There are 2 protein chains.
Amino acid sequence: MAREPRKPSDPEEAAFLAAYDPTVFPRPSVAVDVVLLSAPQNHLHTVVVRRNEHPHRGRWALPGGFVRMEESLDAAAIRVLEAKAGLRQVYLEQLYSFGQPHRDPRTRVIAVAYYALVDHERIRPPAGSAEVTSARIVVPWEGETGGPVKLVSATGTALPLAFDHAEIVGTAVKRLRGKLDYSPVGFQLLGETFTLFELQRVHETVLGRPVNKDSFRRRQLASGLLEATGEVETGVGHRPAELYRFRRRAI
Amino acid sequence: MAREPRKPSDPEEAAFLAAYDPTVFPRPSVAVDVVLLSAPQNHLHTVVVRRNEHPHRGRWALPGGFVRMEESLDAAAIRVLEAKAGLRQVYLEQLYSFGQPHRDPRTRVIAVAYYALVDHERIRPPAGSAEVTSARIVVPWEGETGGPVKLVSATGTALPLAFDHAEIVGTAVKRLRGKLDYSPVGFQLLGETFTLFELQRVHETVLGRPVNKDSFRRRQLASGLLEATGEVETGVGHRPAELYRFRRRAI
DNA sequence: AAAATAGTGTCTATGAGACACTATAGT
DNA sequence: ACTATAGTGTCTCATAGACACTATTTT
(Lines give C-alpha, C1' and ligand atoms only; values in the text may rest on other atoms or scores of the structure.)
Protein backbone atom coordinates (compact mmCIF):
# COMPACT_ATOMS: atom_id res chain seq x y z
CA MET A 1 0.00 0.00 0.00
CA ALA A 2 3.06 2.29 0.00
CA ARG A 3 2.44 5.20 -2.29
CA GLU A 4 5.20 7.37 -3.69
CA PRO A 5 4.60 11.11 -3.96
CA ARG A 6 3.69 11.94 -7.52
CA LYS A 7 6.47 13.85 -9.25
CA PRO A 8 5.02 16.89 -11.01
CA SER A 9 6.44 16.79 -14.52
CA ASP A 10 4.34 19.77 -15.57
CA PRO A 11 6.19 23.03 -14.73
CA GLU A 12 2.89 24.83 -14.16
CA GLU A 13 1.87 22.24 -11.60
CA ALA A 14 5.26 22.44 -9.91
CA ALA A 15 4.82 26.20 -9.51
CA PHE A 16 1.35 25.68 -8.07
CA LEU A 17 2.62 23.22 -5.48
CA ALA A 18 5.47 25.51 -4.44
CA ALA A 19 3.02 28.36 -3.83
CA TYR A 20 0.57 26.23 -1.87
CA ASP A 21 0.31 27.34 1.74
CA PRO A 22 -1.00 24.56 3.96
CA THR A 23 -1.53 26.79 7.01
CA VAL A 24 -4.40 28.95 5.78
CA PHE A 25 -7.19 26.72 7.07
CA PRO A 26 -7.44 25.51 10.67
CA ARG A 27 -6.72 21.82 10.97
CA PRO A 28 -7.78 19.20 13.49
CA SER A 29 -5.33 16.96 15.28
CA VAL A 30 -5.37 13.32 14.21
CA ALA A 31 -4.67 10.54 16.67
CA VAL A 32 -4.74 6.77 16.50
CA ASP A 33 -6.25 4.79 19.37
CA VAL A 34 -5.76 1.04 19.59
CA VAL A 35 -8.20 -1.45 21.10
CA LEU A 36 -5.85 -4.29 22.02
CA LEU A 37 -8.06 -7.31 22.63
CA SER A 38 -7.15 -10.57 24.30
CA ALA A 39 -9.27 -13.39 25.69
CA PRO A 40 -7.90 -14.86 28.94
CA GLN A 41 -10.13 -17.14 31.02
CA ASN A 42 -13.39 -16.75 29.14
CA HIS A 43 -13.36 -12.96 29.26
CA LEU A 44 -12.53 -10.35 26.66
CA HIS A 45 -9.87 -7.94 27.84
CA THR A 46 -8.51 -4.70 26.48
CA VAL A 47 -5.42 -2.71 27.44
CA VAL A 48 -5.99 0.74 28.96
CA VAL A 49 -3.72 3.43 30.33
CA ARG A 50 -4.49 5.54 33.39
CA ARG A 51 -4.44 9.23 32.54
CA ASN A 52 -2.17 11.33 34.76
CA GLU A 53 -2.93 14.56 32.92
CA HIS A 54 -5.98 16.58 32.16
CA PRO A 55 -8.40 16.16 30.59
CA HIS A 56 -10.09 13.15 32.16
CA ARG A 57 -7.31 12.73 34.72
CA GLY A 58 -7.74 9.49 36.64
CA ARG A 59 -9.86 7.90 33.95
CA TRP A 60 -8.62 5.13 31.70
CA ALA A 61 -7.85 5.63 28.04
CA LEU A 62 -6.94 3.44 25.10
CA PRO A 63 -3.29 3.41 24.08
CA GLY A 64 -2.97 6.13 21.50
CA GLY A 65 -0.87 8.87 20.05
CA PHE A 66 -0.88 11.63 17.51
CA VAL A 67 -0.12 10.72 13.93
CA ARG A 68 3.21 12.15 12.82
CA MET A 69 3.49 14.06 9.59
CA GLU A 70 5.62 11.47 7.78
CA GLU A 71 3.93 8.39 9.19
CA SER A 72 1.02 6.40 7.78
CA LEU A 73 -2.01 5.61 9.95
CA ASP A 74 -1.01 1.95 10.10
CA ALA A 75 2.53 2.88 11.11
CA ALA A 76 1.22 5.10 13.89
CA ALA A 77 -0.90 2.24 15.25
CA ILE A 78 2.08 -0.12 15.12
CA ARG A 79 4.22 2.42 16.95
CA VAL A 80 1.62 2.82 19.70
CA LEU A 81 1.32 -0.96 20.13
CA GLU A 82 5.06 -1.31 20.53
CA ALA A 83 5.34 1.61 22.98
CA LYS A 84 2.37 0.80 25.22
CA ALA A 85 2.25 -2.99 25.17
CA GLY A 86 5.68 -4.08 23.92
CA LEU A 87 4.10 -5.85 20.97
CA ARG A 88 5.17 -6.45 17.38
CA GLN A 89 3.70 -8.73 14.76
CA VAL A 90 0.12 -8.80 15.94
CA TYR A 91 -3.11 -8.92 13.99
CA LEU A 92 -4.03 -5.27 13.44
CA GLU A 93 -6.86 -3.74 11.48
CA GLN A 94 -8.32 -0.27 11.10
CA LEU A 95 -11.68 -0.05 12.86
CA TYR A 96 -13.43 3.29 12.45
CA SER A 97 -12.75 7.00 12.70
CA PHE A 98 -14.34 9.05 15.45
CA GLY A 99 -14.67 12.76 14.89
CA GLN A 100 -17.36 14.42 16.97
CA PRO A 101 -16.17 18.04 17.33
CA HIS A 102 -15.90 18.06 21.13
CA ARG A 103 -14.98 14.48 21.89
CA ASP A 104 -11.73 15.88 23.28
CA PRO A 105 -12.19 19.13 25.26
CA ARG A 106 -8.69 20.46 24.48
CA THR A 107 -9.07 20.89 20.76
CA ARG A 108 -10.50 19.14 17.76
CA VAL A 109 -9.06 15.62 17.72
CA ILE A 110 -10.11 13.07 15.14
CA ALA A 111 -9.31 9.55 16.28
CA VAL A 112 -8.61 6.81 13.77
CA ALA A 113 -9.29 3.70 15.84
CA TYR A 114 -7.60 0.35 15.27
CA TYR A 115 -8.15 -2.98 16.91
CA ALA A 116 -5.56 -5.65 17.51
CA LEU A 117 -5.85 -9.30 18.56
CA VAL A 118 -3.20 -11.05 20.59
CA ASP A 119 -2.59 -14.02 22.87
CA HIS A 120 -3.00 -12.60 26.37
CA GLU A 121 0.37 -14.06 27.43
CA ARG A 122 2.21 -11.86 24.95
CA ILE A 123 1.12 -8.54 26.46
CA ARG A 124 4.11 -6.91 28.17
CA PRO A 125 3.34 -3.47 29.58
CA PRO A 126 6.50 -1.33 29.63
CA ALA A 127 8.24 -0.95 32.98
CA GLY A 128 7.67 2.34 34.79
CA SER A 129 6.06 5.42 33.21
CA ALA A 130 2.33 5.11 32.59
CA GLU A 131 0.01 2.90 34.55
CA VAL A 132 -1.00 0.27 32.02
CA THR A 133 -3.39 -2.61 32.68
CA SER A 134 -5.50 -5.14 30.87
CA ALA A 135 -9.14 -4.89 31.95
CA ARG A 136 -12.12 -7.13 31.48
CA ILE A 137 -14.77 -5.89 29.03
CA VAL A 138 -18.41 -6.13 30.07
CA VAL A 139 -20.62 -6.04 26.98
CA PRO A 140 -24.15 -4.90 27.93
CA TRP A 141 -25.69 -5.88 24.59
CA GLU A 142 -26.13 -9.02 22.56
CA GLY A 143 -25.12 -10.00 19.07
CA GLU A 144 -24.05 -7.08 16.94
CA THR A 145 -26.28 -4.48 18.51
CA GLY A 146 -23.36 -2.22 19.33
CA GLY A 147 -22.97 0.58 21.85
CA PRO A 148 -20.58 1.45 24.66
CA VAL A 149 -19.13 -1.19 26.97
CA LYS A 150 -17.85 -1.11 30.53
CA LEU A 151 -14.47 -2.08 31.89
CA VAL A 152 -13.92 -3.92 35.15
CA SER A 153 -10.62 -4.52 36.95
CA ALA A 154 -9.44 -7.88 38.27
CA THR A 155 -10.86 -6.97 41.68
CA GLY A 156 -14.25 -6.20 40.19
CA THR A 157 -14.17 -2.41 40.44
CA ALA A 158 -15.34 -0.35 37.48
CA LEU A 159 -12.68 1.45 35.46
CA PRO A 160 -14.22 4.65 34.02
CA LEU A 161 -13.15 5.29 30.45
CA ALA A 162 -12.00 8.66 29.14
CA PHE A 163 -13.36 10.50 26.11
CA ASP A 164 -15.57 8.32 23.87
CA HIS A 165 -13.38 5.27 24.41
CA ALA A 166 -16.23 3.13 25.76
CA GLU A 167 -17.90 3.61 22.38
CA ILE A 168 -14.68 2.76 20.54
CA VAL A 169 -14.19 -0.48 22.45
CA GLY A 170 -17.83 -1.35 21.80
CA THR A 171 -17.29 -0.80 18.10
CA ALA A 172 -14.28 -3.13 18.21
CA VAL A 173 -16.27 -5.89 19.92
CA LYS A 174 -19.09 -5.49 17.41
CA ARG A 175 -16.66 -5.68 14.49
CA LEU A 176 -14.90 -8.73 15.88
CA ARG A 177 -18.19 -10.54 16.46
CA GLY A 178 -19.17 -9.95 12.86
CA LYS A 179 -15.79 -10.93 11.53
CA LEU A 180 -15.62 -14.20 13.44
CA ASP A 181 -18.45 -15.69 11.42
CA TYR A 182 -16.77 -15.53 8.06
CA SER A 183 -13.10 -14.96 8.73
CA PRO A 184 -10.56 -17.08 10.59
CA VAL A 185 -9.38 -14.60 13.21
CA GLY A 186 -10.17 -16.46 16.44
CA PHE A 187 -6.77 -18.13 16.55
CA GLN A 188 -5.11 -14.69 16.73
CA LEU A 189 -6.27 -14.63 20.36
CA LEU A 190 -4.49 -17.94 21.12
CA GLY A 191 -0.91 -19.16 21.31
CA GLU A 192 0.97 -21.15 18.70
CA THR A 193 -0.90 -24.42 19.37
CA PHE A 194 -4.32 -25.00 20.87
CA THR A 195 -7.07 -27.56 21.16
CA LEU A 196 -10.35 -27.33 19.32
CA PHE A 197 -12.11 -26.72 22.62
CA GLU A 198 -9.82 -23.80 23.41
CA LEU A 199 -10.65 -22.31 20.02
CA GLN A 200 -14.32 -22.86 20.72
CA ARG A 201 -14.03 -21.09 24.08
CA VAL A 202 -12.42 -18.12 22.36
CA HIS A 203 -15.31 -17.94 19.93
CA GLU A 204 -17.81 -18.15 22.77
CA THR A 205 -15.95 -15.46 24.68
CA VAL A 206 -15.99 -13.09 21.72
CA LEU A 207 -19.57 -13.83 20.70
CA GLY A 208 -20.89 -13.78 24.26
CA ARG A 209 -22.95 -16.91 23.71
CA PRO A 210 -22.40 -20.68 23.56
CA VAL A 211 -21.71 -22.26 20.19
CA ASN A 212 -22.65 -25.76 19.13
CA LYS A 213 -19.72 -28.08 19.80
CA ASP A 214 -20.39 -30.64 17.09
CA SER A 215 -20.82 -28.31 14.16
CA PHE A 216 -18.02 -26.07 15.41
CA ARG A 217 -15.60 -29.00 15.30
CA ARG A 218 -16.84 -30.10 11.90
CA ARG A 219 -16.57 -26.64 10.39
CA GLN A 220 -13.10 -26.00 11.76
CA LEU A 221 -11.75 -29.36 10.61
CA ALA A 222 -13.40 -29.01 7.20
CA SER A 223 -12.01 -25.50 6.71
CA GLY A 224 -8.57 -26.85 5.91
CA LEU A 225 -7.00 -24.07 7.98
CA LEU A 226 -6.05 -26.26 10.92
CA GLU A 227 -3.03 -28.51 11.01
CA ALA A 228 -2.76 -31.31 13.57
CA THR A 229 0.56 -31.23 15.41
CA GLY A 230 0.38 -34.86 16.50
CA GLU A 231 0.84 -33.68 20.08
CA VAL A 232 -1.82 -33.72 22.77
CA GLU A 233 -2.41 -31.52 25.77
CA THR A 234 -1.16 -32.77 29.14
CA GLY A 235 -2.15 -32.47 32.76
CA VAL A 236 -5.89 -32.49 32.25
CA GLY A 237 -8.18 -34.79 34.25
CA HIS A 238 -9.71 -36.39 31.19
CA ARG A 239 -8.82 -37.67 27.76
CA PRO A 240 -6.29 -35.20 26.33
CA ALA A 241 -7.25 -33.29 23.21
CA GLU A 242 -5.07 -33.07 20.14
CA LEU A 243 -3.17 -29.84 19.60
CA TYR A 244 -3.59 -27.92 16.33
CA ARG A 245 -1.86 -24.97 14.76
CA PHE A 246 -3.09 -22.60 12.11
CA ARG A 247 -1.68 -22.95 8.64
CA ARG A 248 0.30 -19.80 7.82
CA ARG A 249 -0.95 -18.59 4.47
CA ALA A 250 -3.80 -16.64 2.91
CA ILE A 251 -4.96 -14.73 5.97
CA MET B 1 -24.11 9.66 18.53
CA ALA B 2 -24.10 13.38 19.40
CA ARG B 3 -21.64 14.05 22.15
CA GLU B 4 -21.70 17.17 24.31
CA PRO B 5 -18.39 18.72 25.32
CA ARG B 6 -17.54 17.67 28.83
CA LYS B 7 -17.83 20.57 31.24
CA PRO B 8 -14.72 20.73 33.42
CA SER B 9 -16.04 21.08 36.97
CA ASP B 10 -12.55 20.80 38.42
CA PRO B 11 -10.90 24.27 38.55
CA GLU B 12 -7.45 22.76 38.03
CA GLU B 13 -8.63 21.05 34.87
CA ALA B 14 -10.24 24.25 33.65
CA ALA B 15 -6.90 26.06 34.05
CA PHE B 16 -5.13 23.31 32.15
CA LEU B 17 -7.54 23.55 29.26
CA ALA B 18 -7.23 27.33 29.09
CA ALA B 19 -3.43 27.05 28.85
CA TYR B 20 -3.47 24.34 26.19
CA ASP B 21 -1.98 25.55 22.90
CA PRO B 22 -3.20 23.45 19.97
CA THR B 23 -0.73 24.91 17.47
CA VAL B 24 2.54 23.50 18.81
CA PHE B 25 2.50 20.29 16.77
CA PRO B 26 2.09 20.18 13.00
CA ARG B 27 -1.28 18.83 11.99
CA PRO B 28 -2.53 17.07 8.87
CA SER B 29 -5.54 18.25 6.94
CA VAL B 30 -8.59 16.00 7.18
CA ALA B 31 -10.98 15.60 4.27
CA VAL B 32 -14.03 13.46 3.61
CA ASP B 33 -14.43 11.77 0.23
CA VAL B 34 -17.72 10.18 -0.74
CA VAL B 35 -18.17 7.18 -3.01
CA LEU B 36 -21.71 7.75 -4.26
CA LEU B 37 -22.83 4.46 -5.74
CA SER B 38 -25.81 3.79 -7.98
CA ALA B 39 -26.72 0.84 -10.18
CA PRO B 40 -28.35 1.86 -13.49
CA GLN B 41 -28.68 -0.71 -16.26
CA ASN B 42 -26.72 -3.56 -14.72
CA HIS B 43 -23.63 -1.45 -14.02
CA LEU B 44 -22.28 0.05 -10.84
CA HIS B 45 -21.72 3.78 -11.15
CA THR B 46 -20.02 6.35 -8.98
CA VAL B 47 -20.07 10.14 -9.13
CA VAL B 48 -16.77 11.86 -9.91
CA VAL B 49 -15.73 15.48 -10.40
CA ARG B 50 -13.24 16.67 -12.99
CA ARG B 51 -10.37 18.53 -11.36
CA ASN B 52 -9.75 21.98 -12.79
CA GLU B 53 -6.89 22.72 -10.41
CA HIS B 54 -3.57 21.19 -9.59
CA PRO B 55 -2.69 18.67 -8.43
CA HIS B 56 -3.99 15.98 -10.80
CA ARG B 57 -5.66 18.58 -13.04
CA GLY B 58 -7.80 16.87 -15.66
CA ARG B 59 -8.18 13.71 -13.64
CA TRP B 60 -11.39 12.73 -11.92
CA ALA B 61 -11.85 12.82 -8.18
CA LEU B 62 -14.46 11.73 -5.69
CA PRO B 63 -16.71 14.46 -4.30
CA GLY B 64 -14.97 15.63 -1.16
CA GLY B 65 -14.12 18.50 1.08
CA PHE B 66 -12.16 19.45 4.14
CA VAL B 67 -13.73 18.79 7.51
CA ARG B 68 -14.63 22.01 9.27
CA MET B 69 -13.60 22.57 12.84
CA GLU B 70 -17.14 22.51 14.27
CA GLU B 71 -18.51 19.77 12.04
CA SER B 72 -18.61 16.02 12.65
CA LEU B 73 -17.26 13.62 10.03
CA ASP B 74 -20.79 12.46 9.20
CA ALA B 75 -21.95 16.07 8.84
CA ALA B 76 -19.08 16.81 6.47
CA ALA B 77 -20.04 13.84 4.29
CA ILE B 78 -23.68 14.93 4.25
CA ARG B 79 -22.64 18.46 3.28
CA VAL B 80 -20.51 17.15 0.40
CA LEU B 81 -23.35 14.97 -0.86
CA GLU B 82 -25.74 17.89 -0.91
CA ALA B 83 -23.25 20.23 -2.60
CA LYS B 84 -21.96 17.88 -5.30
CA ALA B 85 -24.97 15.70 -6.08
CA GLY B 86 -27.94 17.61 -4.73
CA LEU B 87 -28.82 14.75 -2.43
CA ARG B 88 -30.31 14.51 1.04
CA GLN B 89 -31.62 11.51 2.91
CA VAL B 90 -29.49 8.81 1.35
CA TYR B 91 -27.96 5.71 2.84
CA LEU B 92 -24.53 6.81 4.06
CA GLU B 93 -21.88 4.92 5.97
CA GLN B 94 -18.29 5.55 6.93
CA LEU B 95 -15.98 3.33 4.87
CA TYR B 96 -12.30 3.63 5.80
CA SER B 97 -9.64 6.26 6.44
CA PHE B 98 -6.77 6.69 4.04
CA GLY B 99 -3.64 8.30 5.35
CA GLN B 100 -0.50 7.48 3.39
CA PRO B 101 1.80 10.48 3.96
CA HIS B 102 2.08 11.55 0.31
CA ARG B 103 -1.26 10.52 -1.10
CA ASP B 104 -1.83 14.22 -1.77
CA PRO B 105 1.28 16.03 -3.06
CA ARG B 106 0.26 19.41 -1.60
CA THR B 107 0.42 18.55 2.06
CA ARG B 108 -0.53 15.77 4.42
CA VAL B 109 -4.21 15.02 3.87
CA ILE B 110 -5.96 12.22 5.69
CA ALA B 111 -9.15 11.21 3.92
CA VAL B 112 -12.07 9.74 5.84
CA ALA B 113 -13.96 7.96 3.07
CA TYR B 114 -17.71 7.38 3.09
CA TYR B 115 -19.91 5.48 0.72
CA ALA B 116 -23.50 6.25 -0.14
CA LEU B 117 -26.18 4.28 -1.98
CA VAL B 118 -28.89 5.92 -4.02
CA ASP B 119 -31.38 5.28 -6.79
CA HIS B 120 -29.61 6.49 -9.93
CA GLU B 121 -32.60 8.66 -10.88
CA ARG B 122 -32.16 10.81 -7.80
CA ILE B 123 -28.67 12.07 -8.68
CA ARG B 124 -28.89 15.75 -9.64
CA PRO B 125 -25.48 17.30 -10.35
CA PRO B 126 -25.53 21.04 -9.56
CA ALA B 127 -25.83 23.38 -12.54
CA GLY B 128 -22.62 25.09 -13.63
CA SER B 129 -19.41 25.10 -11.60
CA ALA B 130 -17.57 21.79 -11.54
CA GLU B 131 -17.85 19.12 -14.19
CA VAL B 132 -19.68 16.33 -12.42
CA THR B 133 -20.57 12.98 -13.96
CA SER B 134 -21.61 9.50 -12.99
CA ALA B 135 -19.20 6.93 -14.38
CA ARG B 136 -19.35 3.19 -14.78
CA ILE B 137 -17.11 1.19 -12.43
CA VAL B 138 -15.08 -1.67 -13.90
CA VAL B 139 -14.10 -4.09 -11.16
CA PRO B 140 -11.03 -6.12 -12.23
CA TRP B 141 -11.30 -8.62 -9.39
CA GLU B 142 -13.84 -11.13 -8.16
CA GLY B 143 -15.62 -11.60 -4.88
CA GLU B 144 -14.10 -9.62 -2.04
CA THR B 145 -10.53 -9.68 -3.26
CA GLY B 146 -10.29 -5.91 -3.23
CA GLY B 147 -7.96 -3.52 -5.00
CA PRO B 148 -8.30 -0.49 -7.27
CA VAL B 149 -11.02 -0.25 -9.90
CA LYS B 150 -11.28 1.60 -13.21
CA LEU B 151 -13.86 4.12 -14.35
CA VAL B 152 -15.30 4.27 -17.84
CA SER B 153 -17.47 7.01 -19.33
CA ALA B 154 -20.74 6.42 -21.20
CA THR B 155 -18.79 6.51 -24.48
CA GLY B 156 -16.38 3.86 -23.26
CA THR B 157 -13.33 6.03 -22.66
CA ALA B 158 -11.32 5.56 -19.49
CA LEU B 159 -11.62 8.24 -16.81
CA PRO B 160 -8.32 8.43 -14.93
CA LEU B 161 -8.81 8.86 -11.19
CA ALA B 162 -6.89 11.34 -9.06
CA PHE B 163 -4.94 10.58 -5.87
CA ASP B 164 -5.70 7.12 -4.43
CA HIS B 165 -9.36 7.35 -5.36
CA ALA B 166 -9.32 4.18 -7.46
CA GLU B 167 -8.35 2.35 -4.29
CA ILE B 168 -11.09 4.10 -2.30
CA VAL B 169 -13.79 3.15 -4.82
CA GLY B 170 -12.47 -0.41 -4.79
CA THR B 171 -12.75 -0.48 -1.03
CA ALA B 172 -16.36 0.71 -1.29
CA VAL B 173 -17.27 -2.02 -3.78
CA LYS B 174 -15.61 -4.64 -1.60
CA ARG B 175 -17.48 -3.41 1.47
CA LEU B 176 -20.82 -3.34 -0.32
CA ARG B 177 -20.33 -6.86 -1.67
CA GLY B 178 -19.68 -8.12 1.83
CA LYS B 179 -22.57 -6.21 3.30
CA LEU B 180 -25.11 -7.42 0.77
CA ASP B 181 -24.92 -10.98 2.06
CA TYR B 182 -26.13 -10.27 5.56
CA SER B 183 -27.70 -6.84 5.46
CA PRO B 184 -30.68 -5.53 3.49
CA VAL B 185 -29.03 -2.63 1.64
CA GLY B 186 -29.74 -3.59 -1.98
CA PHE B 187 -33.04 -1.71 -2.04
CA GLN B 188 -31.17 1.55 -1.29
CA LEU B 189 -30.06 1.44 -4.93
CA LEU B 190 -33.67 1.24 -6.15
CA GLY B 191 -36.69 3.52 -6.19
CA GLU B 192 -39.68 3.38 -3.86
CA THR B 193 -41.18 0.26 -5.45
CA PHE B 194 -39.52 -2.50 -7.43
CA THR B 195 -40.00 -6.05 -8.60
CA LEU B 196 -38.13 -9.00 -7.15
CA PHE B 197 -36.26 -9.35 -10.43
CA GLU B 198 -35.11 -5.73 -10.28
CA LEU B 199 -33.81 -6.35 -6.78
CA GLN B 200 -32.06 -9.48 -8.02
CA ARG B 201 -30.42 -7.53 -10.85
CA VAL B 202 -29.13 -4.99 -8.35
CA HIS B 203 -27.59 -7.79 -6.29
CA GLU B 204 -26.02 -9.29 -9.39
CA THR B 205 -24.68 -5.90 -10.44
CA VAL B 206 -23.07 -5.30 -7.06
CA LEU B 207 -21.73 -8.82 -6.65
CA GLY B 208 -20.52 -9.08 -10.24
CA ARG B 209 -21.94 -12.57 -10.64
CA PRO B 210 -25.33 -14.19 -11.26
CA VAL B 211 -27.40 -15.22 -8.25
CA ASN B 212 -29.82 -18.12 -8.09
CA LYS B 213 -33.31 -16.88 -8.90
CA ASP B 214 -35.29 -19.41 -6.91
CA SER B 215 -33.47 -19.15 -3.64
CA PHE B 216 -33.14 -15.37 -4.01
CA ARG B 217 -36.92 -15.04 -4.26
CA ARG B 218 -37.46 -17.40 -1.34
CA ARG B 219 -34.98 -15.62 0.89
CA GLN B 220 -36.31 -12.16 0.13
CA LEU B 221 -39.94 -13.17 0.64
CA ALA B 222 -39.09 -15.07 3.83
CA SER B 223 -37.10 -12.14 5.24
CA GLY B 224 -40.25 -10.25 6.12
CA LEU B 225 -38.67 -7.02 4.94
CA LEU B 226 -40.67 -6.79 1.72
CA GLU B 227 -44.21 -5.54 1.52
CA ALA B 228 -46.36 -6.28 -1.54
CA THR B 229 -47.99 -3.15 -2.90
CA GLY B 230 -50.73 -5.02 -4.77
CA GLU B 231 -49.63 -3.20 -7.92
CA VAL B 232 -47.86 -4.81 -10.85
CA GLU B 233 -45.38 -3.42 -13.35
CA THR B 234 -46.73 -2.30 -16.74
CA GLY B 235 -45.50 -2.15 -20.30
CA VAL B 236 -43.45 -5.31 -20.27
CA GLY B 237 -43.79 -7.96 -22.95
CA HIS B 238 -44.57 -10.76 -20.55
CA ARG B 239 -46.50 -11.50 -17.38
CA PRO B 240 -46.06 -8.43 -15.17
CA ALA B 241 -44.31 -8.87 -11.83
CA GLU B 242 -45.71 -7.66 -8.54
CA LEU B 243 -44.24 -4.48 -7.10
CA TYR B 244 -42.83 -4.50 -3.57
CA ARG B 245 -41.59 -1.84 -1.21
CA PHE B 246 -39.26 -2.14 1.75
CA ARG B 247 -40.74 -1.97 5.19
CA ARG B 248 -39.44 1.15 6.90
CA ARG B 249 -38.06 0.03 10.27
CA ALA B 250 -35.02 -1.64 11.77
CA ILE B 251 -32.47 -0.84 9.09
C1' DA C 1 -14.04 -47.40 39.43
C1' DA C 2 -15.56 -42.60 38.84
C1' DA C 3 -15.42 -38.28 36.60
C1' DA C 4 -14.66 -35.54 32.81
C1' DT C 5 -13.84 -34.28 28.31
C1' DA C 6 -12.24 -36.09 23.40
C1' DG C 7 -13.77 -37.83 19.42
C1' DT C 8 -16.94 -40.80 16.04
C1' DG C 9 -21.18 -42.03 13.82
C1' DT C 10 -25.83 -41.20 12.62
C1' DC C 11 -30.41 -39.11 12.33
C1' DT C 12 -33.17 -34.98 11.38
C1' DA C 13 -34.40 -30.26 10.11
C1' DT C 14 -33.40 -26.44 7.19
C1' DG C 15 -32.04 -23.91 3.28
C1' DA C 16 -29.89 -23.63 -1.43
C1' DG C 17 -29.95 -25.14 -6.05
C1' DA C 18 -32.21 -27.43 -9.88
C1' DC C 19 -36.02 -28.26 -12.59
C1' DA C 20 -40.75 -28.93 -14.20
C1' DC C 21 -44.92 -26.76 -14.78
C1' DT C 22 -48.52 -23.16 -14.93
C1' DA C 23 -49.82 -17.98 -15.46
C1' DT C 24 -50.15 -13.69 -17.96
C1' DA C 25 -48.62 -9.87 -20.28
C1' DG C 26 -47.20 -7.83 -25.31
C1' DT C 27 -46.57 -8.73 -30.25
C1' DA D 1 -50.25 -18.46 -31.58
C1' DC D 2 -45.67 -17.17 -29.93
C1' DT D 3 -42.36 -15.33 -26.74
C1' DA D 4 -40.70 -13.94 -22.47
C1' DT D 5 -40.75 -13.57 -17.78
C1' DA D 6 -43.68 -14.35 -13.26
C1' DG D 7 -44.64 -17.41 -9.94
C1' DT D 8 -45.58 -22.34 -7.71
C1' DG D 9 -44.40 -26.98 -6.40
C1' DT D 10 -41.18 -30.57 -5.64
C1' DC D 11 -36.84 -33.13 -5.49
C1' DT D 12 -31.97 -33.42 -4.11
C1' DC D 13 -27.88 -32.16 -1.73
C1' DA D 14 -25.11 -29.81 1.81
C1' DT D 15 -24.81 -28.25 6.43
C1' DA D 16 -26.21 -27.38 11.36
C1' DG D 17 -27.98 -29.26 15.45
C1' DA D 18 -29.02 -33.16 18.38
C1' DC D 19 -27.84 -37.30 20.41
C1' DA D 20 -25.89 -41.86 21.31
C1' DC D 21 -21.82 -44.16 21.96
C1' DT D 22 -16.81 -45.18 22.50
C1' DA D 23 -11.94 -43.53 24.00
C1' DT D 24 -8.55 -41.93 27.25
C1' DT D 25 -6.75 -39.39 30.79
C1' DT D 26 -6.43 -38.05 36.23
C1' DT D 27 -8.06 -38.86 40.80
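Computed from a predicted structure; not experimentally measured. Naming: A, B, ... by sequence-line order, numbering from 1 per chain.
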Asks: Between Arg217(A) and Leu196(A) (side chain of the first, backbone of the second, donor and acceptor by atom type, cut-off under 3.5 Å), is there such a pair?
Replies: no
Asks: Rounded to whole Å, how long is the line connecting atom CZ of Phe216(B) with atom C1' of dC19(C)?
Replies: 20 Å
Asks: Spell out protein contact along nucleotides 22-27 of chain C as letters: B when the base is contacted, S when just the sugar-phosphate is, - when no protein heavy atom is under 4.0 Å; keep the 5' to 3' order.
Replies: -BBBS-
Asks: Donor-acceptor pairs are to be reported for all side-chain atoms of residues 35-42 of chain A against protein atoms at under 3.5 Å, with residues two or more places apart or in another chain.
Replies:
unit_1, atom_1, unit_2, atom_2, d
Ser38(A), OG, His120(A), ND1, 2.8
Asn42(A), OD1, Arg201(A), NE, 3.3

Asks: What is the separation between atom CG on Leu226(B) and atom P on dG7(D), rounded to the nearest whole Å?
Replies: 12 Å
Asks: Give every residue pair that meets the side chain to side chain donor-acceptor pair (under 3.5 Å) criterion with at least one member in residues 138-147 of chain B, sequence neighbours excluded.
Replies: none
Asks: For Arg136(B), enumerate each residue passing the side-chain contact (heavy atoms from CB on, under 4.5 Å) test, keeping only those at least two apart in sequence or located in another chain.
Replies: His43(B), His45(B), Val138(B), Val152(B)
Asks: Rounded to whole angstroms, how far apart are CD on Glu233(A) and C1' on dT26(D)?
Replies: 12 Å
Asks: Can you list, by residue number, the residues of residues 189-214 of chain A that have a non-hydrogen atom closer than 4.0 angstrom to DNA chain D?
Replies: Asn212(A), Asp214(A)
Asks: Should Val90(A) and Arg122(A) count as side-chain neighbours, where that means a heavy-atom distance under 4.5 Å?
Replies: yes
Asks: Taking only side-chain nitrogens and oxygens of Ser215(A), does any of them come within less than 4.0 Å of OP1 or OP2 of dG17(D)?
Replies: yes
Asks: Shortest non-hydrogen contact from Tyr91(B) to Glu93(B)?
Replies: OH-OE1, 2.6 Å
Asks: Please state whether the rings of Phe246(B) and Phe187(B) are parallel, tilted or perpendicular, taking 30° and 60° as the class boundaries.
Replies: parallel
Asks: CD of Gln220(A) versus C1' of dT15(D): gap in Å, rounded?
Replies: 15 Å
Asks: When you check the side-chain N and O atoms of Thr229(A) and Thr193(A), is any donor under 3.5 Å from an acceptor?
Replies: no
Asks: Separation of Leu221(B) atom CG from dA16(C) atom C1', in whole Å?
Replies: 15 Å
Asks: Quick one: side-chain contact (heavy atoms from CB on, under 4.5 Å) partners of Ile78(A), sequence neighbours excluded?
Replies: Leu92(A)
Asks: Which whole-number value in Å describes the distance from Arg217(A) CZ to dG9(C) C1'?
Replies: 13 Å
Asks: Tell me the interatomic distance from Glu231(A), atom CD, to dA6(C), atom P, rounded to whole angstroms.
Replies: 18 Å
Asks: I want to confirm an ordering. Mapping Tyr244(A) and Arg218(A) to their closest nucleotides on DNA chain C, which one lands closer to the 5' end?
Replies: Tyr244(A)
